[in-house]
Amino acid sequence: MDSKPIAGLGRPPRGARYRVLGVRDGRVCPERLLEMGMIPGAEFTVTKVAPLGDPIEVDLGGSRLCLRRSEAADLTFERVG
Amino acid sequence: MARTVAQRGLTAALVGVPNSGKTSLFNALTGSSQKVGNYAGVTVEKVSGRTQGPDGPITIIDVPGLYSMRPVSADETVAAEVIVGRAGEARPDVLVCVVDATNLERNLYFLSQLSGAGIPTVVALTMVDVVQRDRNSLDVDRLAGELGVEVVPVVAHRGQGLLELKAAIGRAVEGRRLLDIDLGFPAAVREPVFRLHDRLARAGVDVTRSEVREALLDEGAALNDKLANLPEMVEAFVEERARLLGAHADGRTIDAQTRYAWAGRIRREVLATSGQLDRRTTDAIDRVLTHRVFGLVVFVGLMYLVFQSIYTLAAPLMDIIEAGVGAVKGWVSPMLAGAPLLQSAVVDGVLTGMGAVLVFLPQICILFALIAVLEGTGYLARAAFLMDRLLGWCGLSGRAFIPLLSSFACAVPGIMAARVMPDARSRLLTVLVAPLMSCSARLPVYVLLIGAFVEPVYGAWWAGAALFAMHFVGLAFAVPVVALLNRRVARGRRLPFVLELPRYQWPRVRDVVLTVVSRAKVFLTTAGTIILVMSIAIWALLSFPRSEAMEARYRADYRALAATQRGDVTEENYLQMRSTRDSYLGQFGRAIEPVFVPAGFDWRLTTAILAAFPAREVVVSAMGIIFDLGGEADEESPDLRQALKQATWPDGRPLVTVWTAASLMVFFALCAQCMATLAAIQRETGSWKWAAFAFGYMTLLAYVAAVAVYQLGSRLGAGG
């Protein structure tokens, strides 16, 4: 998949699929995201956006996580679908 | 002198990630033997219970759910320390790690972090029934082989596997069965760990390899602090870390990646499944419940139901309790007729205080039953998802919605419900602003004053509008208060909001009942005691000083009153007014009258406010006493309304104008005249400091707003 790294998720559309690349330069790694499985290489699909635009719900390996877009901002992703 | 294990029994810590079915298992094991306490010096609840094992009693500690042994919040720190036997607690004899078979990777990730603790471990595998229902097979023996400890499948609500689990607990302790897992860290990590471990051993520092690895990968790990006095070791760690991380992202990422790779491998090995586990039912429900339109509609509907339940459903139960307390008073009172002081102490002090405690039980029980159902089904996480944006911007979280909504009925269950928030910081913020929500105890104050001063002058429409508006006064102030407290007062890191949305499940009756029972017990034994003591203290302040000489003087004064002055006032009511006026509380009210004059209150209103410290609605009966009508007056009483209208300042100006009424209502909307609320804050924050803070800021806010309303109103407005 030819896709360039993006910082944070912005306003992800529903159904979009992303792969985690890593932590943005100079940012402190959001530990809790790592611990919940948002590790480099992990892929997830955006399954839902909350009525007020934030947080979002993602499917990560069969479990559903809900995260604030601001807290995904310290990671880099690539769009894979 | 150490007692043997058989004599004192075993202590097992029940650990696991949130939503793993840990609490259901705990309830199934311990049932009604549960006790709720607090860990030393912190607000985290220590929930424990006992169960009978094959070789003697087992004490089970329900450790709060954790995603990681590397805590990011105060609550998680306590939980992690309890597991390894710090936080002033004895080290558990055995860890029972609950692993959710439908969410193996995340659960095994957590389990992998327990291997460093060196405590015998048993795995309780939950949701096996769900996995099997989906026609998947799970190789339990293979999982046990990979982990090096026994794995016992359990179905808590059916009681399956509990005996086997208890037997396995005994075997794990006897055989010292520790987790034995090979996480498969890359050579780039293993080699420096080996070198560092070797150097530490030669330097006489006794640590495990996993501790060394942890310190290498995470600068914040505990071992790094211990090495502070060994500069050459600190340097060795820094060098090895630099060499390792030159090639990789960062240490914690390597750690998480390695553990998840391990967990993923185990899942693929033990779970024979064509694809992912079935989430169709949950997804179908979520299509409605987290839908951007229907989701909100259902949410509003459910919240309406919650609110109505605690507001309306609780009312008849509260009436029964009040009637019951009244009956007991009526039964006890004549028995003590010979000793008026004792009679007053028992009836107006102790029994009134007990009534003030018991009257909260219906709301607390109903609210926690509903919360247990919503939590048990998995809906609470969805509610947090829907509401997070609305509440999250000012430091609260989506989970604050139910506590704040409940506070519109009563702040006491609302404050207790703040416990649904796993994050100490947003919990504190919620607890501190919950009392600003307009609770039902303010209603009598509004009804009395609007009925006396708004309705006759402006008509029913404006009276209704005023009543409606009063319910928003507190809410309007709560927003800036939260924003300010979030910046200034609530210190500590904000917990990142990463929430798991679990599968929907049927709530279990036992889990609901045990939640309700334990909350009721906690309230009665902690906040209840405080409320009782404060009730008695307020009674004493209102009843002393007293003497027969004083009573005789009041009676003489009454007889000396001209018939016109006496009016309809009975001798008993006059006596009650005088003794209230001269009581310590009345003296205090008169002494601080000048402070309240700018808000339009004289000593009578001030004393009524002070007397309402036990609960806001008491102000109505206190005004009844002070305005010579006795303590039976209620907010609908025409006499009390009339008395308020006729009351004057010493110079003959009317005491209560429409602006005094507005000022008094605003004062009651914002003040913290409710000792039950303060007792609940003390209990939930674990400190009187926060109760005093809430009282202080709310009283100040109430005072300033009341003065502003009165001063601006009387100058600008007509009326009065």
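Residue numbers start from 1 in every chain, and the chains themselves are labelled A, B, ... in the order their sequence lines are given, proteins ahead of strands.
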Minimal non-hydrogen separation, [X] against [Y], with atom names:
X	Y	result
A:Met36	B:Arg106	O-NH2, 2.9 Å
A:Lys48	B:Phe385	CB-CZ, 4.3 Å
A:Pro40	B:Gln257	O-NE2, 3.1 Å
B:Tyr260	A:Leu34	CE1-O, 3.7 Å

Next on the checklist: B:Arg292 vs A:Val49, test: side chain to side chain contact (heavy atoms under 4.5 Å, CB included). Steps then yes/no.
Outcome noted: CA-CA 8 Å; B:Arg292 46 177 57 215; A:Val49 179; 4.0 Å; yes

Checklist entry - Between B:Arg259 and A:Glu35, is a salt bridge (charged side-chain N to carboxylate O under 4.0 Å, His left out) present by the stated rule, with each step listed? => result CA-CA 10 Å; B:Arg259 288 176 195 273; A:Glu35 285 165 347; over 6 Å; no

Checklist outcome for this item: Counting heavy-atom pairs under 4.5 angstrom with chain A, the leader among B:Arg70, B:Gln113, B:His291, B:Glu105 is B:Arg70

Next on the checklist: Quick one, B:Asp283 with A:Arg64, criterion salt bridge (charged side-chain N to carboxylate O under 4.0 Å, His left out). Give me CA distance, side-chain angles, the key distance, then yes/no.
Outcome noted: CA-CA 10 Å; B:Asp283 284 346; A:Arg64 298 296 156 86; 2.7 Å; yes

Next on the checklist: Against A:Ser63, only a single residue in B:Leu104, B:Leu501, B:Asn103 fulfils side-chain contact (heavy atoms from CB on, under 4.5 Å); can you say which?
Outcome noted: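 Checked B:Leu104, B:Leu501, B:Asn103 against A:Ser63; only one passes side-chain contact (heavy atoms from CB on, under 4.5 Å): B:Asn103.
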
Next on the checklist: Among B:Thr290, B:Val498, B:Leu499, which residue satisfies the side-chain contact (heavy atoms from CB on, under 4.5 Å) criterion with A:Cys66?
Outcome noted: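 By the side-chain contact (heavy atoms from CB on, under 4.5 Å) criterion, A:Cys66 pairs with just one of B:Thr290, B:Val498, B:Leu499: B:Leu499.
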
Checklist entry - For A:Arg68 and B:Ser397, what are the C-alpha separation, side-chain angles and deciding distance, and is it a side chain to side chain contact (heavy atoms under 4.5 Å, CB included)? => result CA-CA 11 Å; A:Arg68 288 183 183 145; B:Ser397 83; 4.2 Å; yes

Next on the checklist: Looking only at heavy atoms and a cut-off of under 4.5 Å, which of A:Thr47, A:Leu67, A:Leu52, A:Ile56 has the most pairs with chain B?
Outcome noted: A:Leu52

